[in-house]
Every structure is written in structure tokens, then in C-alpha cells.
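Proteins come first, then strands; the chains are lettered A, B, ... in the order of their sequence lines, and each starts at number 1. Only this structure's heavy atoms are used, side chains among them; waters, hydrogens and symmetry mates stay out.
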Amino acid sequence: MQVRFAPSPTGALHIGGARTALYNWLLARGQDGTLVLRIEDTDRERSTPENVEQILDALRWLRLDWDEGPLFQSQRAQRHAEVVAQLLASGHAYRSTATAEDVRAYKQRLGAERGFRAEPEREGAVRLRVPDSGATSFDDVVRGLTSFPNSSQDDPVIARADGSALYNFAVAIDDLDAGITHVVRGEDHVSNTPKQLLVFAALGADPPRYAHLPLLYGPDGRKLSKRHGAASVQELRAVGYLPEAVDNYIALLGAGFAADREHFTLSELAERFRLERVSKNPAVFDERKLRHMNGEWLRELPVDELTHRLEQYTGRTELRSAVEISREKIQTLADFWPLVSFLFDGPVEDQQAFDKVFRRDGAVENLVAARDALAQVEPFGVAEVEKALRGVVERRAAKPANVFQPLRVAIAGTTVSPGIFESVAVLGREQTLRRIDGALARLKGAQPEG
RNA sequence: GCCGCUAUCGUCUAGGGGACUAGGACGCCGCCCUCUCACGGCGGAAACCCGGGUUCGAAUCCCGGUAGCGGUACCA
């Protein structure tokens, strides 16, 4: 089995394109097939080295590797030209100067469902001669038998007047030469398939199997785009998603697995993946579900590994203890820093939280009591801190929240943070006491002398 | 217009003639856990596009309608 994937080199790896790449990967890896990476660049302007490198980088980030490639179609211009000449000689193709305008006029005259046929000329673009009768059909692995009447098919242009090959032609020749057995691509390519099939037919060659994947939509039912937030895997990466979660989530969008389980690694996915099970319906990309899955994957990562990724993501170091106490509370890498920055950069400024918490009766006294207790704790570990603080709650006969929340605001600046005992322990005695004193001083300044 | 395709909770899906009072997940609502936020647990609301067939029996098969989508380039 020879599988190929051919992302178009626009720089961004669209999420739909990523899913296509993933399905190709799953197909090849599940069957020990060969995976060929190809850059479909008969449009020279888009396939800049930078764009290509960005695509490759996104693919690597998703842990998708390939066996051969990347191969550029432009590298094969010579071969394409040879086949064009061959087809011209055999009469399967002809030159014509007909324009899109002419095609329209033709249909106006003979009916919209009539495929365009031109008279051969000495110059112009090269068109493939489509049979007048019969149909070009193929058994799509995901959608079943698909058929196009030849009579309604225009003679497709396979090479420009300057001799350069067009996509639908080049891609067929490349598939043929590479011995590709399976072509898995987006549904927007179905109507290209008969054109490519006709090329194989003209050459008397066996075409590969085709499988067309349903498209991915945004929440509004339209094609997924930047309007919907993240639309490329680069953007997903930037906002803190894990490659494991992205792979897992996009694989599920139409893979047709039984729904008893949804959490899969790449290799588990490859084991289960069946091309013929892929859904025919388009799916809506739901970032909320991705977030949820990302949280699961995040919590599953060993602390050291998570720490490593968060240090890369934030550009900070020495994050391990902060990671330990916050990993239950975050869903993406981006959620991390806002939750724990107070540990490193001091309490955040949140006057509202401050006012709200210290307006409660006994809040200030509870904070003072907590300070006294904490000053005595030895060693300054989580268990000891907890014991001391619970002692305060008991002695003052207070509701736990009335002791813990003032303390939390004192050390973190806000009412939301990791567990209070853990946070205090990570902060250490000196910092904790200093911050409590800071809060106390601030309170005094706010309301002098009762 | 023409060519092609699709149709189960808001979303992703299971379902391939009786096991369907239609299952799971995300989201939403309620309760529990609880120092906040989360995590976790329990419970709830929520769907077979419409109309005809076929059949003893249809979410499942067929036809029609409707709706949506893709393509319609000397782009990829």
C-alpha cells in the first residue's frame, strides 16, 4: 500500500487539511504502508520555502511522519511535459485556444449540461479528449459508487499554452509514477476525480483507490475559516493545545469509531482506523470539546513532561512546583500562567476581590490569626500548613472560607488560585508572611482608625 | 444554471429491518464533593428533515420533496 498526502503550501495547515493528513497517516501506519509526502505546487507562487517549512513543521508537531518526501510537482515538470507530448501524439489530447468565454458560449448554445468539446488547433492550451458517451465512475472508499456522465464533462485543460502542467494532470501522473494505491483527500476534490481518472484511462493505466473525506465546518455550518477562531493547527498550537489532543479530536471528527471510548493515542487510532467507516457527513469543529479533551491529555501527562512543555510555552523556568499544584485546574497550556503567575511575580491586582473578601466580618482578624499560625509552622510543608490553618478555623470557630479566602487574596491578589495549602507551601514562609503583611498594611491605609 | 454529494439531541457520534422507552461524549441545568476555580460523582432537559412506499415490523431499504454542502479556471 502506497499512500500519499499532499497539503497545499499556503503556509497555514488548515485543520481540515490536518485531518486529511492524519487519516492518510493512520491508513498507512495501520497497514504498514508507505507514506509519501508531496507538495502540490503547480502554482509556483504559493510554494515558497517558508510556506513549505511551516507546513512541515505543523505536521511534525502533530507527530505525523512520512517515509518519502517532500516531493514537489515542479521537480517533475520534465516528465509531465513528456506525457503531454505523448498524449498529443496519440490523439488523446489536442491543443486549443478556446477561453473560458468560449466554453460559456458553447454551453449557451448547446445546453448547460453539455461538456465542452473544441476543434484541435496548432497552438493553445492542451485539452484532454473526453469520450462523448459512457460515464467515468469510481468506487469511492467512503462514499461508494460515484459516477459522472462523460457527455457533461468538459474536455479538461491539462497543460497551459506554455506547456506547464495543470494540477489535475500533474497529480495523476505523479500518483501513477509513485505507484500510489490510495488517495485520501477532501471532498472538494470529488469533481476533480473524473478528470484524473480520464488521464489514467488515456494512458491505459490503473488508477488508485480514491477516498473523499467530508469537509469540516465552523459552528455556523460554513466552511471553517479564521472567522471561527483558530482554523489552522499553528493557531491551535499557539493557544495552548497539545498535539495529542488535537490528533485525538480531529481523528474522531468523522472516523466512525464506536462511541464507547473517545480517548485514543495515535497508535491506538491507527489500530482502529478503517477508511470504509469514515462518515459521509461534514462535521462541525467544536473547540469546546477540543478544550475538554485537551484537559484530559494534560492531566495524563507526567508532571515532568507537562513542566517541560509549559516551560517551553511560557518561556519561564523552575515551574515544576507550580505545575504540580495547578495541573488539575487547567485545560490548555495558556490557562496555566494566569493561574500561577502570582507565585513568581507577586499578587495580581484585583481591587474588587480585595474589597469583597475583606468586607466580611472577621476577615481581617482571621488573616491575622492565620499569619500567627503560619509563623510557627515547621517544617513549612503542605501537610503542616494545612494543619496549622485548619487549627485557625477551629479556634476562631469560623467558616473555612472565611479564613482561606482572605489569605488567598493576600497572597495571590484574587479569589481564584490553586489550593490554598499548596499555594502557601510553594510560596514559602517568608514570602507568605510578607504578602500577608502587605495586605494588612493596605487595609490599614484604606480605613484609618475605624 | 449545470455536475456531484449529504441529512439521528445545539455539536461530535452509536445505530446497518425487530435488542430503540434511540445509547455515549462535549456543552447546558440541578445536586454532591469542596478553601476559590477546577477535577470527580450522581441526576436532568435535548434528536431520527418532510411525505409517500416496501414489510407483519423502518432511524435503518426504495422513491419524491425540502434543506445544506462541494465543484463548475490556461488555481490547487
Could you go through nucleotides 61-71 of chain B and list every protein N or O atom that sits under 3.5 Å from one of its N or O atoms, giving the distance for each pair?
{"from": "B/C69", "atom 1": "O4'", "to": "A/Tyr217", "atom 2": "OH", "distance (Å)": "3.3"}
{"from": "B/C69", "atom 1": "O2'", "to": "A/Tyr217", "atom 2": "OH", "distance (Å)": "2.7"}
{"from": "B/G71", "atom 1": "O4'", "to": "A/Ser191", "atom 2": "OG", "distance (Å)": "3.4"}
{"from": "B/G71", "atom 1": "O2'", "to": "A/Ser191", "atom 2": "OG", "distance (Å)": "2.6"}

Would you classify A/Ser147 as touching base, sugar-phosphate or nothing, given that sugar-phosphate means primed atoms plus P, OP1 and OP2, and contacts are heavy atoms under 4.0 Å? sugar-phosphate
Would you tell me if any nitrogen or oxygen in the side chain of A/Arg127 comes within less than 4.0 Å of OP1 or OP2 on B/C74? yes
Selection: residues 330-355 of chain A, any non-hydrogen atom under 4.0 Å of RNA chain B: none
From B/G10, B/C74, B/C2, nucleotide with atom closest to A/Glu113 side chain: B/C2
Applying salt bridge (Lys or Arg N to Asp or Glu O under 4.0 Å) to A/Asp174 and not counting sequence neighbours gives A/Arg76
What nucleic acid atoms does A/Ala112 come within less than 4.0 Å of, heavy atoms only: base, sugar-phosphate, or nothing? sugar-phosphate
Distance check needed: B/C12 C1' versus A/Arg261 CZ, whole Å only. 17 Å
Distance, rounded to the nearest Å, where A/Met293 contributes CE and B/C12 contributes P: 14 Å
Quiz question: by atom type and distance under 3.5 Å, do the side chains of A/Gln351 and A/Asp355 form a donor-acceptor pair? yes
What is the distance from CG of A/Asp155 to C1' of B/A73, rounded to the nearest Å? 15 Å
Can you check the distance between B/A45 and B/C31, where both ends of the measurement are the C1' atom (answer in whole Å)? 15 Å
Pairs flagged by salt bridge (Lys or Arg N to Asp or Glu O under 4.0 Å) wherever residues 276-285 of chain A is involved - sequence neighbours left out: A/Arg274-A/Glu276
Indicate, with a heavy-atom threshold strictly under 4.0 Å, whether A/Ser417 touches base, sugar-phosphate, or nothing. base
Give the nucleotide from the list B/A76, B/C26, B/C39 with an atom nearest to the side chain of A/Leu166. B/A76
Minimum-distance nucleotide (side-chain atoms of A/Arg160 versus B/A38, B/G4, B/C74): B/C74
Check every strand shown and say whether A/Gly419 touches a base, only sugar-phosphate, or nothing at a heavy-atom separation below 4.0 Å. base
Distance between the C1' atoms of B/G64 and B/U54, in whole angstroms? 15 Å
Within the 4.0 Å heavy-atom criterion, would you say A/Pro418 contacts the bases, only the backbone, or no part of the nucleic acid? base
Please check if any side-chain donor atom of A/Gln196 sits under 3.5 Å from a side-chain acceptor atom of A/His189, or the reverse. no
Applying side chain to side chain donor-acceptor pair (under 3.5 Å), name anything that partners A/Gln75, two or more places apart in sequence or on another chain. none
Once you apply the 3.5 Å cut-off to both distances, tell me the Watson-Crick or G-U wobble partner of B/G4, or none. B/C69
Taking the ring centre of each residue, are A/Tyr23 and A/Phe5 less than 6.0 Å apart? no
How far, in whole Å, is B/G4 from B/G10 if one measures between their P atoms? 32 Å
Expressed in whole Å, how much space separates the C1' atoms belonging to B/A46 and B/C12? 15 Å
Pairing residues for A/Tyr106 by the ring-ring contact (aromatic ring centres under 6.0 Å, His included) criterion, not counting sequence neighbours: A/Phe116
Any A/Asn281 side-chain N or O less than 4.0 Å from OP1/OP2 of B/U6: no
Applying the Watson-Crick and G-U wobble criteria at under 3.5 Å, what pairs with B/U54? Answer none if nothing qualifies. none
Does A/Phe354 have A/Arg442 sitting over its ring (NZ/CZ under 6.0 Å from centre, angle to axis within 45°)? yes
Only counting residues at least two apart or in another chain, list the ones meeting salt bridge (Lys or Arg N to Asp or Glu O under 4.0 Å) with A/Arg395. none
A/Tyr167 and A/Asn192: CA distance, side-chain angles, deciding distance, side-chain hydrogen bond (donor to acceptor under 3.5 Å, both in side chains) verdict: CA-CA 10 Å; A/Tyr167 167 76; A/Asn192 287 332; 4.9 Å; no
Under 4.0 Å between any heavy atoms, over every strand shown, what does A/Ile420 touch: base, sugar-phosphate, or nothing? Just pick one. base
Roughly how many Å apart are B/G44 and B/C49, using the P atom of each and rounding to a whole number? 25 Å
Scan A/Ala283 against the nucleic acid and name what it touches under 4.0 Å (heavy atoms): base, sugar-phosphate only, or nothing. sugar-phosphate
According to ring-ring contact (aromatic ring centres under 6.0 Å, His included), who are the partners of A/His92, at least two apart in sequence or on a separate chain? none
So, do A/Tyr241 and A/Tyr249 have ring centers that fall under 6.0 Å from each other? no
For B/U60, the nucleotide meeting Watson-Crick or G-U wobble distances (both under 3.5 Å) is none
Comparing A/Arg390 and A/Leu145 on RNA chain B - which has the more 5′ nearest nucleotide: A/Leu145
Taking atom P in both B/A7 and B/G53, compute the distance separating them and give it to the nearest angstrom. 23 Å
Whole-Å C1' distance, B/C48 and B/C75: 41 Å
Sorted by chain and residue number, the salt bridge (Lys or Arg N to Asp or Glu O under 4.0 Å) partners of A/Asp361 (sequence neighbours excluded) come out as none
With both distances kept under 3.5 Å, what pairs with B/U34, Watson-Crick or G-U wobble? none
Would you measure the distance from the P atom in B/C29 across to the matching atom in B/U66 and give it in whole Å? 40 Å
Using Watson-Crick or G-U wobble geometry with both distances below 3.5 Å, tell me the partner of B/G17, or none. none
Please work out if A/Gly254 contacts a base, only the sugar-phosphate, or nothing of the nucleic acid, heavy-atom cut-off 4.0 Å. sugar-phosphate
How close or far is atom C1' of B/C39 from atom CG of A/Asn294, stated in whole angstroms? 15 Å
Would you mind classifying the nucleic acid contact of A/Arg291 as base, sugar-phosphate or nothing, using non-hydrogen atoms under 4.0 angstrom? nothing
Between A/Arg277 and B/G15, does any side-chain N or O lie under 4.0 Å from OP1 or OP2? yes
From the candidates B/C39, B/C75, B/U36, the one with an atom nearest any side-chain atom of A/Thr415 is B/U36
Between A/Val157 and A/Ser152, whichever has its closest RNA chain B nucleotide further toward 5' is A/Ser152
Whether the A/His212 and A/Thr146 side chains hold a donor-acceptor pair (N or O, under 3.5 Å, no angle test) is what I'd like checked. no
Out of B/C5, B/C12, B/C37, minimum distance to the side chain of A/Arg143 belongs to B/C5
Look at all strands and tell whether A/Ala98 reaches a base, only sugar-phosphate, or nothing, counting heavy atoms closer than 4.0 Å. base
Touch check for A/Arg114, heavy atoms < 4.0 angstrom, all strands: base, sugar-phosphate only, or nothing? nothing
What is the distance, rounded to the nearest whole Å, between atom CZ of A/Arg288 and atom C1' of B/G10? 8 Å
Only pairs with both distances under 3.5 Å count, Watson-Crick or wobble alike; so what is the partner of B/G10 in this structure? B/C26
Please tell me which of the listed nucleotides, B/G40, B/A25, B/U13, lies nearest to the side chain of A/Lys289? B/A25
Is it the case that B/C37 (base atoms only) and A/Lys329 (side chain only) share a donor and an acceptor within less than 3.5 Å, ignoring hydrogens and angles? yes
